[in-house]
Protein chains: 2
Amino acid sequence: MNIGAAARQSGLPAKTIRYYEEIGLLRADRAANGYRDYSTEDIHRLRFVQRARSLGFSVEECRQLLSLYSDRDRASADVKAIAQEKLGEIDRKIAELTGLRHMLGHLVSSCHGDDRPDCPIIDGLAGKVTH
Amino acid sequence: MNIGAAARQSGLPAKTIRYYEEIGLLRADRAANGYRDYSTEDIHRLRFVQRARSLGFSVEECRQLLSLYSDRDRASADVKAIAQEKLGEIDRKIAELTGLRHMLGHLVSSCHGDDRPDCPIIDGLAGKVTH
DNA sequence: GTTGACCTTCCATCGACTGGAAGCCCCACA
DNA sequence: TGTGGGGCTTCCAGTCGATGGAAGGTCAAC
C-alpha cells in the first residue's frame with residue numbers, strides 16, 4: 001500500500017508519516033520503484049500513533065507506547081504508569097487554563113467595551129489592580 | 001538600566017527580552033557602551049507583555065495589545081474584542097482537554113495495572129473498543 | 001505521447017524561545 | 001596596574017512537531 005492510501009487509512013497526513021519515519025518512530029518497506037510500502041500491521045501502528053498523539057501523548061511517549069504495544073509480555077502496569085503520568089499532566093494543564101480563564105474572564109467582564117478609552121483589561125495587564 | 005536589571009524587574013529572562021527586540025515587539029535605547037538601556041516606561045511595557053503572555057496571549061496579540069496600551073484614545077471595545085476572542089480559545093482548549101481527560105481516564109481506570117500483559121489502554125489505542 | 005495524480009528527497013519555515021560560543025566592558029580588589 | 005569575575009554584545013544552532021514547497025521520478029489512463 002502506498003503512502004497516500006496509508007495516510008487515508010490512518011488519518012495521518014503523508015507528510016507526517018514521512019516525518020515519523022525520519023525520526024525513527026515507524027519505518028516502512030520499499031517497493032521496487034522506491035515507493036514506501038505499508039502492510040496492514042503498519043497501518044495498525046500508524047493508527048495507534050495517531051490515536052495516542054490525539055490523546056496528548058508526545059512523540060517520545062508514542063515511541064515508548066509503540067514498544068509496549070509490540071511487546072506481548074510487558075506488564076500492563078508499565079503502560080498504566082505512562083498513561084497515569086499523562087493524566088496528571090492533563091489535569092495540571094486543565095487547572096492552569098481554568099485559572100487563566102477566571103483571571104481573563106474577570107478582566108473581560110469588568111470592561112464596559114464601548115468607545116470610551118478607559119479599559120480595565122489594559123489596566124490589569126499594566127499591573128493596576130482592578131476590583 | 002541594563003538588561004539584567006530589566007529582566008529581574010519584568011520577570012522575563014534577558015534572552016527573551018533580546019528576542020522580543022529582535023522581532024520588533026519592544027525596542028530599547030543604547031548606552032554609550034552599546035549596552036541596552038531601559039527606562040521605567042520600558043519596564044512597564046516588559047511587565048505588560050510578561051503578564052499578557054502568561055495569560056495566554058500570543059506574541060502577535062501582545063503586539064496588538066501593546067499598541068492599544070499606548071494609544072490613549074482607542075475604544076475599550078477594541079481591547080475587549082481581543083480578550084473575548086482569547087477567552088473563547090481558552091474555553092475551547094479546556095473543553096478539548098476535558099474530553100481527553102475523560103477518554104484517557106476511562107482507559108486508565110479499566111486497566112488493572114499489574115504484571116499481566118493484557119492492557120485495555122493499549123487495546124484502546126490499537127482501536128479495539130473496550131467497555 | 002501526454003496529461004495528471006502520486007511518489008521521492010531535500011530544504012525552509014512556523015512559534016517562542018533557549019543554549020552556547022566568542023568576544024567586549026566594567027568594577028572591585030591586590 | 002593587572003587580574004578575575006560577572007555582565008553585556010552578536011551570531012548561530014537547536015528545540016518540538018510538523019508543514020510547505022521545489023525539483024524531479026513513476027505510473028496508469030486516454
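Residue numbering restarts at 1 for every chain, and letters A, B, ... go by the order of the sequence lines.
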R74(A) and P117(B), any side-chain heavy atoms less than 4.5 Å apart: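 Side-chain contact under 4.5 Å: yes.
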Can you tell me how far [atom2] of [N] sits from [atom1] of [X], to the nearest Å?
X      : N       : atom1 : atom2 : result
E22(A) : dT9(C)  : CD    : P     : 10 Å
Y19(B) : dT15(D) : OH    : P     : 17 Å
L25(B) : dG15(C) : CG    : P     : 13 Å
L26(A) : dG17(D) : CG    : P     : 14 Å
Q50(A) : dA18(D) : CD    : P     : 10 Å
R30(A) : dC7(C)  : CZ    : P     : 12 Å
L46(A) : dA18(D) : CG    : P     : 12 Å
L12(B) : dC17(C) : CG    : C1'   : 11 Å

**Message:** Any salt bridge linking E60(B) with R63(B)? Criterion: basic side-chain nitrogen under 4.0 Å from a carboxylate oxygen.
**Reply:**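 Salt bridge between E60(B) and R63(B), a charged N being under 4.0 Å from a carboxylate O: yes.
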Looking only at the side chain of [X] (C-beta and beyond, no hydrogens), which of the listed nucleotides [options] gets closest?
X      : options                  : value
Y35(A) : dA16(C), dC7(C), dG7(D)  : dC7(C)
V59(A) : dG7(D), dT18(C), dA18(D) : dA18(D)
N33(B) : dC25(C), dA16(C), dC6(C) : dC25(C)
I3(A)  : dT9(C), dA18(D), dC7(C)  : dC7(C)

I want to check one thing: is the phosphate of [N], taken as OP1 and OP2, less than 4.0 Å away from some side-chain N or O of [X]?
X      : N       : value
R63(B) : dA16(C) : no
R36(A) : dC7(C)  : no
T16(B) : dA16(C) : no
R18(A) : dG17(D) : no

| field | Euclidean distance, Y38(B) OH relative to Q9(B) CD, rounded to 0.5 Å | value |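 So the CD of Q9(B) and the OH of Y38(B) are separated by 12.5 Å.
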- request: Give a yes or no on whether the backbone of D37(A) and the side-chain of R30(A) come within a donor-acceptor separation of less than 3.5 Å.
  value: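 Not at all, since once roles are kept as given, no pair shorter than 3.5 Å links the two residues.
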Q. Counting N and O atoms only, with roles assigned by atom type, does the side chain of S10(A) sit under 3.5 Å from a partner on the main chain of I43(A), one being a donor and the other an acceptor?
A.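 Checking the backbone N and O of I43(A) against the side chain of S10(A), no donor-acceptor pair under 3.5 Å is found.
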- Message: Base, sugar-phosphate or nothing for I23(A)? Non-hydrogen atoms, less than 4.0 Å.
- Response: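 Nothing, no nucleic acid heavy atom in range.
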_Between K15(B) and Y20(B), which residue's closest nucleotide on DNA chain C lies nearer the 5′ terminus?_
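Its nearest nucleotide being more 5', the pick is Y20(B).
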